[in-house]
Amino acid sequence: MKIATWNVNSLSVRLPQVLDWLAAQPADAPVDVLALQETKTVDEKFPRAEIEAAGYQVQFFGQKTYNGVALLSRTPATDVVRNIPGFADDMARVLCATVDGVRVIGAYFPNGQAPGSDKFAYKMRWLDALREWVRAELAAHPKLVLMGDYNITFDDRDVWDPVGLRETIHCTTEERTHLRALIDLGLHDAYRLFEQPPKSYSWWDYRMLGFQKNRGLRIDHILVSDALKPKVSACTIDRAPRKNPQPSDHAPVLVELG
DNA sequence: ATGCCTCAGCTCCTGAGA
């Protein structure tokens, strides 16, 4: 089972790239589940027909201009949950469903803008609510994947300039403490289960030739539960779509469950 | 300096992203 996450930074702009990317997978190893973030599309305008024509079922949860998430799957998604139950939020950030017996959560974590800002405080509240909800989901569904654009780096290995970016957004101790608290629920950073190339990132700034100079951050993650950890056979970041004309600023992350 | 790109939208500028 191959599961992936990709912040597409507008699905209406990136839909052809998403379909091309899915079609480019090996025939014997298609992507079974794909979580998308920043679709930036209201549900009325969501490109459902195009995605279904590519052989995928799709759940989507969007809003105007910002945020928006979707969950593509080759088999039906059941028990769908939108956003964090009990946490009032006018932003479309979370889609959760069961696919092939795996509880899959795709999430677009808040950016946070700057430490000390109102948006940073919202990010911390959102992370608290997410953690308590995921704790309950894990108890009910031991086979669980939590993936998406976390907007948080785990440690300095995930940062192109850890000195210059010390305690800036995505790199603060407070954010990392919250991320670590998710891990402590019984989740594992699938990417670090394997030896990986140094300076591996999932996002590069559009400006300043960020990608060409590999000035990036690893902020897109796939966390797997204790029960799934022994089944993980690979986890990779696919940089190829970042080289497309008119790319998203994020690259997809993939995990394979044996 | 807080921009450099990119995107959406009450679109010829602004807000937000990260």
Side-chain angles (χ1 to χ4, degrees), chain A residues 5-18 21 35-47 60-70 89-94 106-124 126-127 130 147-179 191 199-222 237 239 241-253:
Chain A
T5 178
W6 191 3
N7 180 325
V8 291
N9 184 16
S10 170
L11 185 56
S12 62
V13 173
R14 233 67 67 187
L15 178 63
Q17 292 185 41
V18 171
W21 185 73
L36 301 178
Q37 301 89 38
E38 286 207 86
T39 54
K40 298 186 176 179
T41 309
V42 294
D43 292 349
E44 294 73 27
K45 294 183 180 175
F46 192 89
F60 45 92
F61 177 40
Q63 66 182 92
K64 192 169 69 173
T65 311
Y66 303 115
N67 310 311
V69 284
D89 196 346
D90 53 8
M91 304 194 204
R93 295 190 175 277
V94 181
Y108 175 48
F109 289 47
N111 174 301
Q113 204 165 59
S117 68
D118 290 348
K119 289 176 181 174
F120 191 88
Y122 162 72
K123 184 176 193 173
M124 297 304 113
W126 189 93
L127 284 162
L130 178 78
M147 62 180 161
D149 176 0
Y150 282 63
N151 276 317
I152 306 175
T153 55
F154 275 96
D155 54 50
D156 287 351
R157 291 177 297 176
D158 297 343
V159 183
W160 73 274
D161 181 10
V163 174
L165 296 176
R166 180 181 301 280
E167 294 299 331
T168 61
I169 195 66
H170 315 306
C171 305
T172 66
T173 302
E174 194 171 355
E175 291 166 282
R176 287 175 176 176
T177 299
H178 277 82
L179 181 52
Y191 195 71
K199 304 184 190 304
S200 289
Y201 310 123
S202 66
W203 169 88
W204 301 261
D205 201 305
Y206 282 123
R207 301 167 291 187
M208 300 276 290
L209 300 174
F211 181 69
Q212 291 84 338
K213 296 180 177 175
N214 197 30
R215 296 180 172 180
L217 302 173
R218 192 175 73 96
I219 51 176
D220 301 85
H221 306 297
I222 301 180
I237 299 170
R239 298 163 55 103
R242 191 60 175 77
K243 301 170 187 169
N244 288 340
Q246 207 176 7
S248 169
D249 42 357
H250 295 254
V253 184

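Each chain gets a letter, A, B and so on, in the order its sequence line appears, and its residues count up from 1.
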Task: Sugar-phosphate, base or nothing in reach of A:S12, heavy atoms under 4.0 Å - done: sugar-phosphate
TODO: With salt bridge (charged side-chain N to carboxylate O under 4.0 Å, His left out) as the test, would you mind laying out the steps for A:R176 and A:D158 before giving the verdict?
DONE: CA-CA 12 Å; A:R176 287 175 176 176; A:D158 297 343; over 6 Å; no
Open item on the list: With nearest nucleotide decided by heavy atoms, which residue, A:W203 or A:K45, maps closer to the 5′ end of DNA chain B?
Closed with: A:K45
Open item on the list: Output one letter per nucleotide in nucleotides 11-17 of chain B: B when a protein non-hydrogen atom lies under 4.0 Å from the base, S when only the sugar-phosphate is that close, - when neither is.
Closed with: -----SB
TODO: Write down the distance separating the P atoms in B:dT6 and B:dT11, rounded off to the nearest Å.
DONE: 22 Å
TODO: Have a look at A:I219 and say if it touches a base, only the backbone sugar-phosphate, or nothing, with a 4.0 Å heavy-atom cut-off.
DONE: sugar-phosphate
Open item on the list: If we count only N and O atoms by modelled type, under 3.5 Å, do the side chains of A:N9 and A:K40 hold a donor and an acceptor together?
Closed with: yes
Open item on the list: Would A:S202 and A:L217 count as a side-chain contact (heavy atoms from CB on, under 4.5 Å) here? Give the steps.
Closed with: CA-CA 6 Å; A:S202 66; A:L217 302 173; over 6 Å; no
Task: Nucleotide B:dA18, atom P - distance to CZ of A:F120 in whole Å - done: 15 Å
Task: Nearest-angstrom distance, C1' atom, B:dG17 to B:dC4 - done: 14 Å
- [ ] Would you please confirm or rule out a distance under 4.0 Å between OP1 or OP2 of B:dG9 and any side-chain N or O of A:K40?
- [x] no
Open item on the list: Using the C1' atom as the point on both nucleotides, what is the distance between B:dC7 and B:dC12, in whole Å?
Closed with: 16 Å
TODO: Would you kindly give the CH2-to-C1' distance between A:W204 and B:dT6, to the nearest whole Å?
DONE: 16 Å
Task: P spacing across the pair B:dA18 / B:dC13, given as an integer number of angstrom - done: 26 Å
TODO: Mind calculating the distance between CZ (A:F211) and P (B:dA18) to the nearest angstrom?
DONE: 18 Å
Task: Rounded interatomic separation in angstrom, taking NZ from A:K213 and P from B:dC5 - done: 11 Å
Open item on the list: Roughly how many Å apart are B:dG15 and B:dC10, using the P atom of each and rounding to a whole number?
Closed with: 15 Å
- [ ] Take the protein atom CG of A:L15 and the nucleotide atom P of B:dA8, then report the distance between them rounded to whole Å.
- [x] 13 Å
Open item on the list: Here's a test for you: under side chain to side chain donor-acceptor pair (under 3.5 Å), which of A:T5, A:N67, A:N7 qualifies with A:Q37?
Closed with: A:T5
- [ ] For the pair A:Y206 (side chain) and A:D249 (backbone), establish whether a donor and an acceptor sit closer than 3.5 Å, ignoring hydrogens and angles.
- [x] yes
Task: Chi angles and distances behind the ring pair (Phe, Tyr, Trp, His ring centres under 6.0 Å) call for A:Y201, A:W160 - done: CA-CA 8 Å; A:Y201 310 123; A:W160 73 274; 8.4 Å; no
Open item on the list: Students often get this wrong, so: under 4.0 angstrom with heavy atoms, is A:R215 touching a base, only sugar-phosphate, or nothing?
Closed with: nothing
Task: Derivation of the ring pair (Phe, Tyr, Trp, His ring centres under 6.0 Å) call for A:H170 and A:Y150 - done: CA-CA 9 Å; A:H170 315 306; A:Y150 282 63; over 10 Å; no
Task: Atom pair distance, as rounded to whole Å: CD in A:Q63 and P in B:dG9 - done: 11 Å
